[in-house]
Student: 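My questions all concern the structure below.
Atoms within a ligand are numbered from 1 in the order they appear, just like the ligands themselves.
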Amino acid sequence: MSEFRPETRAVHPPQPAVEGSRPISVPIYQTSGFVFEDPAVMAASMGRPDGAYVYGRYTNPTVRSLELAVSGLEGGAGAVATGSGMGAINTVLLGLLKPGDHIVAQRSLYGGTAAMLNELTGRFGITVTYVPENDPGALRAAVRPETRLVHLETISNPMTLVADLPGMCAVARELGVLSVVDNTFATAMLCRPIEHGADIVVHSTTKYLSGHTDVVGGLAVFADAALYEKVWHFSVELGASADPFAAWLTLRGLQTLGLRMERHCSNAHHLAVRLAEHPAVTAVHWPGLASHPSYELAGKLLPGFGGVFAFDLAGGRAAGEKFMSSVRLALLAPSLGGVETLILHPASTSHRSLGPEELARSGIGEGTVRIAAGIEHPDDLWSDISQALP
Ligand SMILES: *Cc1c(COP(=O)(O)O)cnc(C)c1O
């Protein structure tokens with residue numbers, strides 16, 4: 001390089017090769033593309049998920065490390081990391097569906113997914129039938145010759161309904177329909193849907209997988225290698241790929257997922273039990289409580305019941321608003337799954353697009369508050385929450 005002028009040398013900094021040792025943590029490969037010495041290797045690597053790294057939209061070593069890590073945890077044959085959870089869901093839906101296809105989805109769906117299904121219905125000629133998350137008979141009755149996939153969520157938001165994954169996935173498999181499971185709320189620490197027959201697992205890695213409220217990302221894991229390759233090709237065309245820095249932050253968070261999930265679950269338990277005994281609270285929705293409709297199923301399916309729960313205040317909207325402006329430690333904010341405890345009023349935020357009838361059917365009232373328990377000390381959380389209650 002010394003034969004070149006400074007302007008040219010500045011463009012081509014030397015890159016030390018790492019030999020004889022390797023970095024302990026996964027490095028960030030913050031590059032949009034890769035240099036080839038052999039044109040034949042470059043040609044052979046185009047359009048393949050298993051060739052040499054070519055271009056950042058296809059994948060990147062840091063992103064691939066995250067894909068392999070989560071695919072391994074979920075028991076998949078491959079994964080595609082994306083720029084958001086909705087990016088993962090859309091990569092799967094748009095990669096597999098065509099006009100005229102039919103989807104069966106569970107009734108209690110994440111808001112963004114519900115909006116996307118409406119979009120597919122209104123503009124792409126795809127039809128959707130909604131069934132309860134725990135009714136394989138209703139799924140069987142809903143499937144038609146043009147049904148392509150069933151979309152489920154391990155634990156729903158915010159009423160924490162648990163899907164009957166073994167029952168629903170078995171019917172889907174028997175009828176030749178792909179099952180897609182959003183495992184964001186449970187993570188592979190509590191549930192691995194592929195073990196229950198799911199074909200595809202999607203995640204918003206924004207939540208528990210990254211865990212520190214500092215990154216937006218998503219990921220789709222495929223049980224079958226051929227399905228992975230098909231959707232990988234589509235993902236390259238769609239361009240919803242993950243950024244290396246976002247993947248690096250997610251990998252860093254993922255290392256403590258096991259510890260964090262234990263604490264999220266035990267904190268949720270601590271708070272749910274106390275709230276259930278409080279006179280200002282009419283109901284607590286957490287599958288670890290015997291009063292919850294999913295209690296029995298959750299006990300069979302999950303070793304822990306998650307860090308998110310909802311509760312209803314007797315005083316309705318006014319009481320909800322008062323509560324939310326009275327907490328000092330818990331933060332009023334969207335999202336969940338991070339180390340900080342967050343609270344939210346679903347009726348005016350995440351579920352604002354639902355009409356009064358749909359809201360009532362989903363069990364969300366004006367006085368419903370969602371709590372995403374963080375990893376703080378449980379006694380500090382309870383003193384904050386109890387001082388904010390009427
Ligand atoms: C947040 C979330 C999504 C969407 O993920 P983004 O990263 O916000 O795009 C999808 N499903 C569930 C269950 C979620 O909680």
Student: Answer yes or no for K207: is there a heavy-atom contact with ligand 1 below 4.0 Å?
Tutor: yes
Student: Please confirm whether M86 comes within less than 3.5 Å of ligand 1 when only nitrogen or oxygen atoms on both sides are compared.
Tutor: yes
Student: Give me the atom names and distance for the closest heavy-atom approach of D101 to L96.
Tutor: OD2-O, 4.1 Å
Student: Any carboxylate oxygen within less than 4.0 angstrom of a Lys/Arg side-chain nitrogen, looking at E146 and R144?
Tutor: yes
Student: Looking only at protein heavy atoms, which one is nearest to atom 6 (P) of ligand 1, and what is the separation?
Tutor: G85 N, 3.3 Å
Student: Just to confirm my output: which protein heavy-atom neighbour is closest to atom 4 (C) of ligand 1, and how far is it?
Tutor: Y110 CE2, 3.4 Å
Student: Number the atoms of ligand 1 from 1 as they appear, then name those within less than 4.0 Å of a heavy atom of G217, with their elements.
Tutor: 7 (O)
Student: With no hydrogens and no angle check, do the side chains of E376 and T341 hold a donor and an acceptor under 3.5 Å apart?
Tutor: yes
Student: Between the side chains of N157 and H351, does any donor sit under 3.5 Å from an acceptor?
Tutor: no
Student: Of L219, D182, V215, V216, which has the heavy atom at the shortest distance from atom 13 (C) of ligand 1?
Tutor: D182
Student: So does R361 pair up with E357, basic N to acidic O under 4.0 Å?
Tutor: no
Student: Short N/O distance, under 3.5 Å, between T113 and ligand 1?
Tutor: no
Student: Under 3.5 Å, is there a donor-acceptor pair linking the side chains of T213 and E340?
Tutor: yes
